[in-house]
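Here the structure is laid out as structure tokens; the discussion comes afterwards.
No hydrogens, no waters, no symmetry mates; every other heavy atom, side chains included, goes into these values. Note that the coordinates shown come from a computational prediction; the quantities given were computed from them, not determined experimentally.
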Amino acid sequence: MHSEQTIIEGCLRNEKYFQELLYSTYASKMFGICLRYAPDREIAHDLLQEGFIKVFQTLHQFKGNSALGSWMYRIFINTSINYVKRKLKYPFEVIHNENIDLSDEKQIDEDEKNLWLDHITPKEALEMVQKLPEKYRLIINLYAIEKMKHNEIADLLNITEGTSRSQLARARKILSEELNAKIKTKIGE
């Protein structure tokens with residue numbers, strides 16, 4: 001077993017063995033990230049390849065202040081976010097008359113999590129998220145998976161916090177409707 005430092009040094013020397021070792025060590029975890037942001041597996045594979053190209057091109061910048069996997073994680077998140085931003089068909093918008101009560105988001109998060117866990121598999125949840133329009137898929141991933149706050153999402157995407165909140169509410173509504181339909185199908189209504 002090679003140390004992380006040995007793998008990095010081998011990659012920096014462009015040694016194919018170490019590049020393949022780095023890829024095989026991290027590919028499945030990084031593919032999981034890509035899957036969350038991509039609408040399908042084919043695009044997720046493209047994002048995986050794009051992310052690894054960036055890793056190999058910028059590995060010389062890795063300072064070792066964190067684990068290599070954590071550093072790569074940020075690259076794959078950014079690669080995925082940039083993909084979604086490029087593909088957005090419609091800009092983010094806020095409907096000001098919309099009644100969105102997000103005063104207790106933490107409780108909503110817990111209630112939602114329990115409902116999901118009781119009725120669908122992780123694979124089904126991923127498929128539902130992948131079907132969301134790009135902007136909703138992006139916001140739900142940043143908020144629910146990356147644990148970003150609305151102000152951080154707003155800064156990252158150059159939108160307002162209100163827009164982030166409303167897009168999250170819309171994504172949740174779509175997912176909730178689909179979940180309710182799945183539950184009715186499963187229990188035979």
Side-chain angles (χ1 to χ4, degrees), residues 1-89 91-92 109 113 116 121-159 163-164 167-168 171-172 175:
M1 175 102 172
H2 298 284
S3 72
E4 189 174 271
Q5 188 59 37
T6 303
I7 294 170
I8 293 168
E9 290 168 2
C11 289
L12 290 172
R13 291 188 304 270
N14 291 319
E15 293 180 22
K16 186 174 173 127
Y17 170 78
F18 288 105
Q19 291 170 332
E20 289 174 352
L21 186 57
L22 178 72
Y23 183 90
S24 65
T25 302
Y26 291 99
S28 64
K29 181 178 180 185
M30 300 306 146
F31 184 65
I33 294 166
C34 299
L35 267 176
R36 289 197 317 261
Y37 289 89
D40 57 48
R41 294 181 74 79
E42 185 178 324
I43 291 172
H45 278 288
D46 291 345
L47 290 173
L48 181 71
Q49 297 310 313
E50 184 179 338
F52 269 105
I53 289 169
K54 289 178 183 177
V55 165
F56 290 125
Q57 288 175 339
T58 60
L59 191 56
H60 66 280
Q61 297 173 359
F62 177 65
K63 304 288 185 224
N65 298 335
S66 63
L68 179 61
S70 299
W71 180 79
M72 289 175 61
Y73 181 87
R74 290 302 327 150
I75 290 174
F76 280 87
I77 290 292
N78 290 333
T79 299
S80 298
I81 290 169
N82 289 336
Y83 163 78
V84 174
K85 287 165 87 174
R86 286 190 312 265
K87 295 298 178 186
L88 280 176
K89 293 177 184 159
F92 291 101
D109 291 346
K113 179 180 171 186
W116 284 72
T121 66
K123 182 180 179 191
E124 289 172 315
L126 176 62
E127 289 169 357
M128 288 171 62
V129 170
Q130 285 179 318
K131 289 179 189 174
L132 286 171
E134 291 95 348
K135 60 187 174 184
Y136 301 143
R137 187 173 58 245
L138 178 58
I139 297 289
I140 202 120
N141 273 300
L142 293 173
Y143 182 82
I145 307 297
E146 308 307 332
K147 304 294 186 204
M148 292 177 78
K149 294 178 177 24
H150 288 292
N151 64 328
E152 296 169 316
I153 295 169
D155 288 344
L156 178 67
L157 301 178
N158 199 26
I159 59 175
T163 300
S164 176
Q167 299 301 304
L168 177 65
R172 283 178 161 159
L175 291 172

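Closest heavy-atom contact between Ala44 and Phe31: CB-CE1, 3.6 Å. Between Leu48 and Ala27, the shortest heavy-atom distance links the atoms CD1-O, 3.7 Å. The nearest pair of heavy atoms linking Tyr37 to Leu138 is CE2-CD1, 3.8 Å. Across every non-hydrogen atom of Glu152 and Met148, the tightest pair is OE1-CA, 3.2 Å. Ile140 and Ala171 make their closest contact through CD1-CB, 4.0 Å (heavy atoms, listed as atom of the first residue, atom of the second, distance).
Interatomic distance, CD of Glu42 versus CG of Leu47, reported as 11.0 Å (0.5 Å rounding). Rounding to the nearest 0.5 angstrom, the gap separating the CG atom in Leu21 from the CD1 atom in Ile7 is 4.0 Å. Met1 CE to Thr6 OG1: the interatomic distance, rounded to the nearest 0.5 Å, is 10.5 Å. To the nearest 0.5 Å, atoms SG (Cys11) and NZ (Lys16) are separated by 12.5 Å. Rounding to the nearest 0.5 Å gives a distance of 3.0 Å between OH of Tyr83 and CD1 of Ile43. Atom OG1 of Thr25 and atom CE of Met30 lie 10.5 Å apart (nearest 0.5 Å).
Between Val55 and Trp71 the shortest side-chain heavy-atom distance falls below 4.5 Å. Within the 4.5 Å cutoff, the side chain of Lys131 has no heavy atoms near those of the Tyr136 side chain. Using a 4.5 Å heavy-atom cutoff, the side chains of Ile153 and Thr163 are not in contact. The closest side-chain heavy-atom distance from Ile159 to Ile139 is below 4.5 Å. For the pair Gln49 and Thr79, the minimum side-chain heavy-atom distance is 4.5 Å or more. No side-chain heavy atom of Ser80 sits less than 4.5 Å from a side-chain heavy atom of Arg36. At a threshold of 4.5 Å between non-hydrogen side-chain atoms, the residues Phe56 and Leu22 count as touching. Leu157 has its side chain within reach of Leu142: a pair of non-hydrogen atoms, C-beta onward, lies under 4.5 Å apart.
Within a 6.0 Å radius of NZ in Lys85, other residues, nucleotides and ligands contribute more than 12 heavy atoms.
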(request) List the steps and the verdict of salt bridge (Lys or Arg N to Asp or Glu O under 4.0 Å) for Lys54 and Glu50. (result) CA-CA 6 Å; Lys54 289 178 183 177; Glu50 184 179 338; 3.3 Å; yes
(request) Would you please test Phe76 and Phe52 for ring-ring contact (aromatic ring centres under 6.0 Å, His included) and show each step? (result) CA-CA 8 Å; Phe76 280 87; Phe52 269 105; 5.1 Å; yes
(request) Would you check, one step at a time, whether the test side chain to side chain contact (heavy atoms under 4.5 Å, CB included) holds for Asp40 with Gln130? (result) CA-CA 7 Å; Asp40 57 48; Gln130 285 179 318; 5.7 Å; no
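Ring pair Tyr143/His150 is parallel by interplanar angle, where below 30° counts as parallel and above 60° as perpendicular.
At distances below 3.5 Å, not a single donor-acceptor pair connects side-chain atoms of Thr58 with backbone N or O atoms of Gln61.
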